[in-house]
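Some notes on the structure that comes next.
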Amino acid sequence: MTTTTLPQASALGESMFPRSGYSRAISAEFGEIEQRLRALERQLERVGGRSAASAAQSADRVGETIASALNGMAERFRGGANSMRDEAAKIGSEAAKLGNAALRRLSNEVEHRPLVTLAVAVGVGLLVGLASQRRASRPRRR
């Protein structure tokens, strides 16, 4: 009986594990598993293609829904802006009326009491002059 080592057996063309019925059955099983995996892969590709189309349609629907909601919000903002513009116009009109009324009262006071008005104007001028002089005389801090 001769013993051969693994490299010698390979060189001679012998296998370390002789091919038996068991190894042939395993090979057949591997082949069948491979065929089933390929079939499953093809089915997944078909389903994936359908899913991609379905996902694209869903994305379109979601996009349309979001666009519709944003348009609704924009319309509400426009409506709010229009009402604010109208309100600002009313406030501006009221301010103009109050300003005109104050100007009329001031001109009436100047007509009826010119010396008092002149004294008040001189007093206000002095106060403003003193306040600005204090500011100018202080050293500036940086």
Side-chain angles (χ1 to χ4, degrees), residues 3-142:
T3 59
T4 58
T5 63
L6 185 58
Q8 290 171 340
S10 298
L12 296 173
E14 298 173 12
S15 172
M16 191 166 137
F17 302 106
R19 290 205 52 123
S20 65
Y22 181 72
S23 66
R24 278 187 229 119
I26 290 177
S27 293
E29 290 290 322
F30 280 135
E32 186 178 333
I33 289 171
E34 187 176 357
Q35 287 175 351
R36 287 184 180 187
L37 285 174
R38 286 188 183 141
L40 182 62
E41 204 172 56
R42 286 189 297 271
Q43 285 178 342
L44 286 174
E45 285 175 355
R46 285 192 300 265
V47 168
R50 280 186 249 138
S51 296
S54 155
Q57 289 174 347
S58 295
D60 286 344
R61 280 187 239 124
V62 167
E64 289 170 2
T65 303
I66 290 172
S68 174
L70 289 176
N71 281 335
M73 290 172 64
E75 288 298 320
R76 280 184 264 158
F77 280 130
R78 281 188 205 112
N82 288 338
S83 68
M84 288 178 71
R85 184 190 64 220
D86 295 342
E87 192 66 30
K90 287 178 188 176
I91 290 171
S93 174
E94 290 295 319
K97 287 178 187 176
L98 290 173
N100 287 336
L103 186 60
R104 274 192 305 268
R105 287 172 88 192
L106 182 62
S107 66
N108 283 338
E109 288 296 320
V110 170
E111 280 182 35
H112 292 53
R113 300 185 188 119
L115 292 177
V116 173
T117 306
L118 184 60
V120 169
V122 169
V124 170
L126 285 172
L127 290 174
V128 169
L130 289 173
S132 66
Q133 187 179 12
R134 283 188 186 167
R135 242 188 222 171
S137 65
R138 288 185 187 167
R140 291 188 182 183
R141 296 180 190 167
R142 290 187 185 208

Roughly how far apart are [X] [atom1] and [Y] [atom2], rounded to 0.5 Å?
X      : Y      : atom1 : atom2 : result
Met84  : Ile91  : CE    : CD1   : 9.5 Å
Glu41  : Arg38  : CD    : CZ    : 8.5 Å
Ile33  : Leu40  : CD1   : CG    : 12.5 Å
Arg105 : Asn100 : CZ    : CG    : 13.5 Å

Which residue pairs pass the side-chain hydrogen bond (donor to acceptor under 3.5 Å, both in side chains) test when at least one of the two sits in residues 68-81, sequence neighbours left out? Glu75-Arg78

Please identify each residue that fulfils salt bridge (charged side-chain N to carboxylate O under 4.0 Å, His left out) with Glu32, with sequence neighbours left out. Arg36

Would you confirm whether Ser93, through its side chain, and Ala89, through its main-chain N or O, come within 3.5 Å as a donor-acceptor pair? no

When you look at CD of Glu111, are more than 12 heavy atoms from neighbouring residues, nucleotides or ligands closer to it than 6.0 Å? yes

Does atom CG of Leu70 have more than 12 heavy-atom neighbours, drawn from other residues, nucleotides or ligands, at distances under 6.0 Å? yes

All side-chain hydrogen bond (donor to acceptor under 3.5 Å, both in side chains) counterparts of Arg134, not counting sequence neighbours: none

No-hydrogen, no-angle side-chain donor-acceptor test under 3.5 Å, Asn82 and Arg85: yes

